[in-house]
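Predicted model, so just to flag it, every value in this text is computed and none were measured.
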Amino acid sequence: MSLDEVLALPATVNVVTAARALGIGHNKAYDLIKTGQFPVRTLTMGSTIRVPTAALWEALGVGSLRQGGPA
């Protein structure tokens, strides 16, 4: 996933999209979530898991780019 694609993500994304941005497979992402080792905060709503994009940007080190600050 390119930097432009990551910066254009909506407020929350699904686990598959977050995994793609992190460069890991979705099965690995779900395994990490189950063990509490996923590097990004997740939101669980019933059986749905969403990943806040701002937290994903922070984990990737690109949050300050989106906010207009230095990288």
Side-chain angles (χ1 to χ4, degrees):
M1 182 173 277
S2 73
L3 178 58
D4 287 338
E5 289 173 313
V6 170
L7 293 175
L9 292 172
T12 64
V13 295
N14 61 31
V15 174
V16 173
T17 301
R20 187 169 156 239
L22 291 166
I24 62 174
H26 66 277
N27 288 330
K28 180 65 172 180
Y30 281 110
D31 289 344
L32 291 171
I33 289 168
K34 287 179 189 175
T35 62
Q37 297 179 341
F38 194 66
V40 182
R41 180 173 59 94
T42 59
L43 304 170
T44 303
M45 297 165 275
S47 61
T48 301
I49 300 171
R50 301 293 292 180
V51 178
T53 300
L56 181 59
W57 290 336
E58 186 176 326
L60 293 169
V62 297
S64 61
L65 294 176
R66 182 66 173 163
Q67 297 166 6

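Between the CG atom in Leu3 and the CG atom in Leu60 there is a gap of 9.0 Å [rounded to 0.5 Å]. Here CD1 of Ile49 is found 4.5 Å from CD1 of Ile33. Values are rounded to the nearest 0.5 Å. Interatomic distance, OG1 of Thr42 versus CG of Leu32, reported as 11.0 Å (0.5 Å rounding). If you take CG on Leu22 and OG1 on Thr17, they are separated by 11.0 Å, rounding to the nearest 0.5 Å. Once rounded to the nearest 0.5 Å, the distance linking OG1 of Thr12 with CE of Met45 reads 6.0 Å.
Hydrophobic clustering, with ILVMFWY side chains joined whenever heavy atoms are under 4.5 angstrom apart, keeps Tyr30 apart from Leu43. Linking ILVMFWY side-chain heavy atoms closer than 4.5 Å, directly or via other members, places Val16 and Val13 in two distinct hydrophobic clusters.
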* Take His26 and Asn14, measure what side-chain contact (heavy atoms from CB on, under 4.5 Å) needs, and give me the verdict at the end. => CA-CA 10 Å; His26 66 277; Asn14 61 31; over 6 Å; no
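Of all the heavy atoms in Phe38 and Ile24, the pair that sits closest is CE1-CD1, 4.2 Å. Nearest heavy atom pair, residue Ala21 against residue Leu56, reads CB-CD2, 3.9 Å. Nearest heavy atom pair, residue Val40 against residue Ala59, reads CG2-CB, 3.6 Å.
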